[in-house]
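Contents: one structure, followed by commentary.
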Amino acid sequence: MPGSPWDPDQYGLFSAEREQPFWDLAGLLEARKGASLVDLGCGDGRLTAALHRRIGAGRTLGVDSSPEMLARAASAAGTEVSFTSGDIATWHGSGVDIVFSNAALQWVGNHTAVLGRWRESLAPGGQLAVQVPSNWDHASHLVLTELAREHLGDDAPPDPVAANVLKPEEYSRLLYELGFKRQQVRMQVYTHILPDAEALVEWMKGTSMNRVKGLLAPDEYADFVEVYKARILERLGCQKPFFYPFKRILMWGSLH
Ligand SMILES: C[S@@+](CC[C@H](N)C(=O)[O-])C[C@H]1O[C@@H](n2cnc3c(N)ncnc32)[C@H](O)[C@@H]1O
């Protein structure tokens, strides 16, 4: 994705809904006091620092490619928690006790190779915990893909979730092949009750729409959002409140 269209305030509009899978994923970890933790695609770092405290980690590194997110993360840094700019698609560490990544891996391709590198970064007995959305087949995402194609033609970027995210059973096999002796992989439907379908548009502006935002001039993007809103209302109606089911895959593996 060229540039960084991430807006921490827009992303934070639904922080309660977005936080739940983060803590569900964290709940899969077996806490080891003093562990080294790396949070890949850490966003604004608020949850990274909270996770550091919750599991009693010794030192924590958050990695993200968005300057806007990292600027916000600076305020969450401390003596044991730091943040750095990096691409999670190529990131490689060593001797890490816990590699954690919430709602970021879907933005990059080739999960077999990427998760292979993350596994190689683990210390003996290390743990991997990753959450990815899997909601590409909901109208919220299908309409976005359809409109992106209408506006950008062959330059329209594919839905990264549809293009990159594997099936739960494929992640399960991958964790097995990467040598995780114990694992949990599950698909969970998060039920969000939004005030109305317009709130769904605000939700999408915080994440999935970034792939289009990065390719359009600001006025073109504003028009795009208006057309998206009209089509969503036409397709999904004006239910109030708006029931938004959201599928996510949570996976955890331990090397011992
Ligand atoms: C949906 S946010 C999740 C943030 C955080 N993990 C959380 O749970 O609140 C996705 C984050 O992934 C980051 N990201 C996307 N692609 C990335 C890449 N290739 N390398 C590093 N960070 C990336 C974005 O900048 C954004 O901060």
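Whatever order the structure lists ligands and atoms in, that order sets their numbers, starting from 1. As a basis for the values below, the full set of heavy atoms in this structure was taken, side chains included, without hydrogen atoms, waters or symmetry mates.
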Heavy-atom distances under 4.0 Å are what count here, so tell me which part of Val108 touches ligand 1: side chain, backbone, both or neither.
-> side chain

Looking at Leu47, Leu25, Asn102, the heavy atom closest to atom 8 (O) of ligand 1 belongs to Asn102

Atom 3 (C) of ligand 1: of Trp6, Tyr11, Phe22, the nearest heavy atom sits on Tyr11

Would you say Ser65 has any N or O atom under 3.5 Å from an N or O of ligand 1, going by distance alone?
-> yes

Just go through Ala104, Pro160, Ser208 and tell me whose heavy atom is the nearest to atom 12 (O) of ligand 1.
-> Ala104

Could you check whether the rings of His192 and Tyr244 sit parallel, tilted or perpendicular, using 30° and 60° as the cut-offs?
-> tilted

Hey, is Glu150 close enough to Arg231 for a salt bridge, meaning N to O under 4.0 Å?
-> yes

Shortest reach to atom 6 (N) of ligand 1 by a heavy atom, considering only Gly43, Gly41, Ala103, Ala89 = Gly41

Atom 21 (C) of ligand 1: of Pro21, Gly86, Ser15, the nearest heavy atom sits on Gly86

Can you say whether the rings of Phe246 and His141 are parallel (under 30°), tilted (30 to 60°) or perpendicular (over 60°)?
-> perpendicular

Close approach, Trp91 and ligand 1, non-hydrogen under 4.0 angstrom | no

Run the ring-centre check on Trp118 versus His92 and record whether the distance is less than 6.0 Å.
-> no

Any idea how Trp107 and Trp6 line up, ring-wise: parallel (<30°), tilted (30 to 60°), or perpendicular (>60°)?
-> perpendicular

